[in-house]
Asker: 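Take this structure first; my questions come after.
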Amino acid sequence: MIVGMEEAQPSVTILVPMYNEEAVLELFYAELNRVIDTIPGVDFTYLFIDDGSRDASLSIVKNFAENDSRVDYLALSRNFGKERALLAGFDHVGTDAVVVIDADLQDPPALIAEMIGYWREGYQDVYAQRRTRQGETWMKRATSNAYYRVLQSVTRVEIQANTGDYRLLDRACLDALTRFRESERNTKALFSWIGFRKKAILFDRDPRAAGKSKFNYWRLTNLALDGITSFTTAPLRVSGVFGAVVSLVAFIYLLVIVVRALLFGSDAAGYPSLMAVILFLGGVQLMSLGAIGEYVGRIFNETKNRPPYLVGENNLGEIPGLGRRGHDDTPGQAGQ
Ligand code: UDP
Ligand code: MG
């Protein structure tokens, strides 16, 4: 082979966030290798982001890296959550494009060939959209449908429903995404927000190959709230509008009572209705306070301006403890 004569091949990183995935990693890696070997004309590399696993995940991946020069890994200093693990990944991707894929084989690797096909046609964000959701309860499906509908109704940004993080992103998308340094991240919301030429591929999501889901209802609820606050301040407006409507109705009712008292004299009855109104309004006020609190809490967290993640062990030449190469996430560090 004459070095330097052949045209440079496009390069793609397979980005894998992982948290306690020792049960599936070997299978995942074998399966992925099988798939990428069938895709010609692309230089593939792996980037495993170990999100503070407490099992053997990291050592398994280190083992891959020892035998395969295409494998890179970056461990975070603790569990930061998938969203920030993905940011850490985006920060360290040096290739023309990236494919984000879960380690549990719920995202069928076979789709990668199709994604790359569309990428070659000029699409910049080729995402896998679920046709069905096997292995998920009726309840999870219903809540997720309702969630997407509510979210779409409050924002001008086009939301991709039934879409996970499994997708191919080109360099332009990557560069855009790494500019979002917010720490309360909802990456799905950001994928929609950035725009660019998007293409959906339909697929059937399989149940996990092994191991357990790390997302319980509580974590999903938090993620959903991050999604809403990341898109819109509508909840604040809703409480404002509701307050105005209630005040108006209350004012009319007040006039009615006063006029009635003047004409017919007052009666002392009405304790149950009084109680109902007080309790109802108390509830509404607490809810509005809660909505405000959600935003204030996020303001608080963002103003602390903490680095979104810290780097631990890795084979990328990163010094553990810093945010990312050539980038200053830590406020005050540059100027002092
Ligand atoms: N994950 C992660 N950090 C976390 C939780 C999950 O990096 O704190 C990874 C996990 O290892 C997997 C992917 O994110 O590769 C999706 O997680 P999971 O399969 O548990 O979510 P689900 O498919 O149930 O939504
Ligand atoms: Mg999964």
Side-chain angles (χ1 to χ4, degrees), residues 13-32 46-61 64 71-93 98-109 111-112 127-130 132-137 139-141 143-145 147-148 160-167 183-191 203-224 226-227 308-314:
T13 300
I14 310 275
L15 175 63
V16 193
M18 57 177 200
Y19 176 51
N20 296 341
E21 298 287 7
E22 62 179 6
V24 287
L25 276 176
E26 306 270 2
L27 187 63
F28 171 82
Y29 179 61
E31 188 65 20
L32 258 281
Y46 288 97
L47 176 55
F48 288 90
I49 304 294
D50 179 40
D51 188 14
S53 296
R54 269 179 290 253
D55 64 1
S57 300
L58 184 58
S59 53
I60 294 173
V61 166
F64 297 157
V71 175
D72 286 335
Y73 62 87
L74 179 94
L76 304 184
S77 63
R78 63 170 170 84
N79 179 246
F80 280 93
K82 186 183 180 188
E83 309 298 316
R84 298 189 197 193
L86 284 179
L87 176 66
F90 296 150
D91 283 342
H92 294 89
V93 167
V98 65
V99 172
V100 181
I101 185 167
D102 285 357
D104 57 5
L105 287 175
Q106 272 192 298
D107 305 329
L111 291 189
I112 294 176
Y127 60 93
Q129 191 166 42
R130 291 169 216 180
T132 58
R133 289 167 154 247
Q134 286 176 34
E136 288 183 9
T137 59
M139 186 67 183
K140 191 165 174 186
R141 279 202 299 265
T143 43
S144 125
N145 280 342
Y147 173 67
Y148 284 124
Q160 282 85 41
N162 289 326
T163 307
D165 299 325
Y166 185 26
R167 60 182 67 222
S183 52
E184 313 275 314
R185 301 178 74 78
N186 180 299
T187 315
K188 266 181 265 306
L190 299 183
F191 290 145
F203 80 113
D204 297 311
R205 187 159 163 92
D206 303 323
R208 258 180 172 270
K212 279 205 309 267
S213 171
K214 277 90 201 166
F215 286 85
N216 53 26
Y217 261 100
W218 177 240
R219 268 184 109 150
L220 281 175
T221 308
N222 281 327
L223 192 64
D226 280 337
Y309 61 86
L310 287 181
V311 166
E313 231 179 310
N314 64 87

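Just follow the structure's listing: the first ligand is 1, and inside any ligand the first atom is 1. Counting begins at 1 with the first residue of the sequence.
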Asker: I'd like the residue list for ligand 1, meaning every protein residue with a non-hydrogen atom under 4.0 Å from the ligand.
Answerer: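 Lining ligand 1: Pro17, Met18, Tyr19, Glu21, Asp51, Asn79, Gly81, Lys82, Asp102, Ala103, Asp104, Gln106, Arg205, Arg208, Ser213, Lys214, Phe215, Arg219.
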Asker: For the residue pair Tyr29 and Phe64, categorise the inter-ring angle as parallel (less than 30°), tilted (30 to 60°) or perpendicular (more than 60°).
Answerer: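 Rings of Tyr29 and Phe64: parallel, under 30°.
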Asker: Which residues pass the salt bridge (Lys or Arg N to Asp or Glu O under 4.0 Å) test with Asp72, sequence neighbours left out?
Answerer: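 Not a single residue meets the salt bridge (Lys or Arg N to Asp or Glu O under 4.0 Å) criterion with Asp72.
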Asker: If you measure from CG on Asp55 to CG on Leu25, what distance do you get to the nearest 0.5 Å?
Answerer: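 Asp55 CG to Leu25 CG: 8.0 Å, rounded to 0.5 Å.
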Asker: Rounded to the nearest 0.5 Å, how far does CD of Glu22 lie from CZ of Arg54?
Answerer: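 Result: 12.5 Å between the selected atoms.
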Asker: Does some side-chain heavy atom of Val61 sit less than 4.5 Å from a side-chain heavy atom of Tyr46?
Answerer: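 In short, these two side chains do not touch, never coming nearer than 4.5 Å.
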Asker: Without hydrogens or angle criteria, can the side chains of Glu83 and Thr187 be said to hold a donor-acceptor pair below 3.5 Å?
Answerer: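 A donor-acceptor contact under 3.5 Å links the two side chains.
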Asker: Do you know how many protein N, O or S atoms are within a distance smaller than 2.8 Å of the Mg ion (ligand 2)?
Answerer: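 Considering protein N, O and S only, the Mg ion (ligand 2) has 2 within range.
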Asker: What's the spacing between Asp104 CG and Met18 CE if we round to 0.5 Å?
Answerer: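 Interatomic distance, Asp104 CG to Met18 CE, rounded to 0.5 Å: 13.0 Å.
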Asker: For Ser59, what residues pass the side chain to side chain contact (heavy atoms under 4.5 Å, CB included) criterion, not counting sequence neighbours?
Answerer: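 Ser59 satisfies side chain to side chain contact (heavy atoms under 4.5 Å, CB included) with Ala56 only.
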Asker: Walk me through whether Val24 and Leu105 qualify under side chain to side chain contact (heavy atoms under 4.5 Å, CB included).
Answerer: CA-CA 8 Å; Val24 287; Leu105 287 175; 5.6 Å; no
